[in-house]
Amino acid sequence: MAVRMTVGLVLLVAAFVIAGRRLWWLGRLARAGQPAPDRIEAVRKHPGWDVTTEATEVLGQRKLLKWTVPGVAHALTFWGFTILLLTIIESYGALFSRTFSLPWLGHWAFIGFVEDLFAVGVLAGIITFTVIRLRADPHREGRGSRFFGSHTRAAWLVLGMIFLVIVTLLLYRGAQINTGVFPYPHGAFASQIVGHWLAPLGYGVNSVLEATFILCQVGVVLVFLVVVVYSKHLHIFLAPVNVLFSRRPNALRGLEPMRSGGKVLDFEEADPDTDVFGLGKIEDLSWKGLLDLATCTECGRCQSQCPAWATGKPLSPKQVILDLRDHAFAKAPWLLAASDAERDKLPDAAKAAAERPLVGKDGGVIDPDVIWSCTNCGACVEECPVDIEHIDHIDGIRRYQVLIESAFPIEAAGMLKNLENKGDPWGMGEARRAEWIGELDFDVPVVGGKIPDGIEYLFWVGCAGALEDRARKTTKAIATLLHTAGVKFAVLGPAETCTGDPARRIGNEFVFSMLAQQNIETLNEAGARTIVASCPHCFNTIANEYPQLGGNYEVIHHTQLLARLVEQGRLTPAGRIEEKVTYHDPCFLGRHNKVFSPPRRIMENVPGIEAAEMHRCKNRGFCCGAGGARMWMEERIGKRINTERIEEALALSPDTISTACPYCLVMLGDAISAKKGSGEAKDTLEVVDVAQLLVRSVRPEDAHAAEQPATANEE
Ligand code: SF4
Ligand code: SF4
């Protein structure tokens, strides 16, 4: 007994010292990052929200369970280990007293049953994980495996350790039954089965097995504790903390404002020598950003949904997080050194890590092609079970590259210059923003100061909606439908300027804030309250990013308004459209802002339409390739994202592809043209906005006129 106690105590102290040192070191590393007072304030202000999130995300395993088989396996393991904390206490107590039992609960058969039930559940979970890992072996499946790039050896080691935890548990409990010291009279069904197998060995052997496997159980659990804090399984401790301090409701929708030292950066007062401009060094991440890196479970769910990765580009959101994490750990001795003298004494590896650029083709932590491949589609953020904020990190790196290094894809320079000088990405100028109105047979009021009384909605047309041929058809269809429904609306016309979305997403926060402030001033002067936007990027920016600059408006997307008008009977889609239509979810409308049903409801109300869903739809929709300012960059690496998407649509043999975004309209339209050229798509196949389908049904006589290309743009 004394030996058992001594060994148990030595193991316990050793494990807690090693694990504690590691956690202390991780805490110091996190504090080397920028402050994030906003995250602490959010937790303080909304404790109820935090309880709900922890209950659904952590205890309820909500995101994990979206993937049924691995989700159930993970839930069994998570809940199993939570319950098995009781058996860990029991095994440790048995080191000190053979007849130890849990106070109050220790002889209740139900507890014995629950413990065994969850032990078997954990076993089932890890067998499932083993099968999943064997089937998705990255050595065999290559990039197609979500584990490609993950540390698979560490994962196998941990699976083996969990197996040993359960096996030693059942063995010592089985032996305890045979030696008469097992606390539960019945109920522990799995332990009883093992006890039945061991019974023929007799009391003496069972006593030895009992002592041995109790020590093994304690030893395995304590070694497991150490392995956890040194591996990706650190998420066991960090995930609840990371979820607690994550953005509300998530890191989709708007981008974070630029912060330096925890405060939102004011460009007029900012000092490039002392302020932080995006992420130029790993320590420019906030402590929450560094926590993100340490929390990654390497599950690869983000990678499996990333359109850039799926089309052969070098960007994997998982790999970005892992590369940043490895770099943070490598640079940690330098970051944590107390003085320059201490830094001078560091090993060469730590000094080299300190000098390594965050972005660079030769020796950079992240290859430039990685950060410029991102479409900001949000699939990674949506899937991540531990609420890692990939887009903020990628766009943070872009901000530094653009604002400090002036290093970005050269073809996007024209777009930025046009935004600064002309207020739209094509440089067509404000005078042409109201041209589309002249192509309608009714008048659309253009606000020239205050919005007149009686106007219900300010229609935010957007640059594409006003200036790009295909998107102008959508604009005219929306205007025609609003006019038909008797909705009083007005537009800003030449007073509208780009919302700044492409500038912000490429990383030029300076141009974004210039455009945004100009628009907010215009909107406030006009007294705008309710805005209907046709472009999901405008919709997202005005609704979710303008509040950061003091612009607060009620913003809806045109599909939301049109669906409502149809359901209120103010629009009657009577004309039949005998077509098979598949709807493509724009990322900034669907995944970012959760507007999935209005476009579908509109189509359901149009008689004759046969709706067909693509495999990747709604939350799992696949990007068109244009977001994140990719619309203005060449796509030189891998397969084109719009081609991949169109091939998925073509597999359904649709007559029409519908969408609700001018970017998607252009990208999918281009891909269809290429497919028609190669004979892979029928000549009649077209991509249209849902509003165009609706106007064809509501006012078939006007649909033709509304869809004529703009005369000015034809020239
Ligand atoms: S936002 Fe989309 S493209 Fe960018 S890393 Fe995430 S999944 Fe990939
Ligand atoms: S970032 Fe999130 S989804 Fe991606 S591998 Fe890490 S834990 Fe999994």
Side-chain angles (χ1 to χ4, degrees), residues 57-58 61 63-64 66-67 70-71 74 136 138 143 145-152 154-155 231-236 238-239 242-243 246 250-253 255 289 291-326 366 369-398 505-507 540 585-588 590-592 616 619-631 633 635 637-638 641-642 644-645:
E57 304 282 317
V58 180
Q61 306 266 287
K63 279 192 167 178
L64 286 148
K66 286 203 280 184
W67 294 38
H74 192 277
R143 284 173 65 105
S145 165
R146 68 183 166 103
F147 301 116
F148 185 89
S150 301
H151 296 90
T152 47
S231 71
K232 75 184 186 87
H233 284 80
L234 194 56
H235 76 268
I236 294 172
L238 296 188
N242 208 47
V243 169
S246 61
N250 53 35
L252 293 171
R253 311 197 304 167
L255 277 182
L291 184 63
D292 267 4
L293 310 185
T295 309
C296 178
T297 71
E298 304 188 19
C299 68
R301 288 168 186 238
C302 54
Q303 179 174 289
S304 74
Q305 302 299 309
C306 175
W309 183 256
T311 52
K313 295 168 182 63
L315 166 63
S316 150
K318 173 182 76 180
Q319 205 55 55
V320 168
I321 299 299
L322 298 189
D323 287 346
L324 291 175
R325 181 184 71 189
D326 292 347
I366 309 268
D369 286 332
V370 167
I371 56 156
W372 298 115
S373 293
C374 179
T375 67
N376 281 204
C377 74
C380 48
V381 176
E382 177 71 30
E383 290 299 329
C384 182
V386 293
D387 285 355
I388 287 171
E389 301 165 357
H390 315 71
I391 300 180
D392 288 318
H393 303 326
I394 290 171
D395 285 4
I397 296 174
R398 285 182 175 191
R505 296 282 161 177
I506 206 170
N540 181 64
D585 285 284
C587 300
F588 279 79
R591 192 160 36 237
H592 278 275
R616 293 179 283 198
N619 264 331
R620 293 256 169 90
F622 192 82
C623 184
C624 73
R630 288 285 327 161
M631 180 94 164
M633 298 180 218
E635 195 173 339
I637 307 174
I641 294 177
N642 57 352
E644 169 81 8
R645 185 53 163 168

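These numbers were taken from a predicted model, which means no experiment stands behind them. No hydrogens, no waters, no symmetry mates; every other heavy atom, side chains included, goes into these values. Just follow the structure's listing: the first ligand is 1, and inside any ligand the first atom is 1.
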Taking [atom] as the reference point, the nearest protein heavy atom with its distance:
| atom | result |
| --- | --- |
| atom 5 (S) of ligand 2 | G300 N, 3.1 Å |
| atom 4 (Fe) of ligand 2 | C302 SG, 2.3 Å |
| atom 8 (Fe) of ligand 2 | C299 SG, 2.3 Å |
| atom 6 (Fe) of ligand 2 | C296 SG, 2.3 Å |
| atom 2 (Fe) of ligand 2 | C384 SG, 2.3 Å |

### Query
Given side chains that start at C-beta, do those of C380 and Q305 come closer than 4.5 Å, heavy atoms only?
no
### Task
Tell me, please, which residues at least two apart from E644 pass side-chain hydrogen bond (donor to acceptor under 3.5 Å, both in side chains).
R616, K639
#### Entry: Residues which pass side-chain hydrogen bond (donor to acceptor under 3.5 Å, both in side chains) with D585, listed by chain and number, not counting sequence neighbours
R600
### Pairs touching residues 377-386 that satisfy salt bridge (charged side-chain N to carboxylate O under 4.0 Å, His left out), sequence neighbours left out
K66-E382, E382-K594, E383-R620
### Message
Over 60° means perpendicular and under 30° means parallel, so tell me whether H592 and F588 are parallel, tilted or perpendicular.
### Response
parallel
### Query
How about atom 4 (Fe) of ligand 1, which protein N, O or S atoms come within less than 2.8 Å?
C374 SG
### Query
With the threshold set at 4.0 Å, does a side-chain nitrogen-carboxylate oxygen contact exist between R325 and E298?
yes
### Query
What part of T297, side chain from CB on, backbone N/CA/C/O, both or neither, has a heavy atom under 4.0 Å from ligand 2?
both
### Task
Run the contact test for E383 against ligand 2 with a 4.0 Å cut-off on heavy atoms, strictly below, and give the result.
no
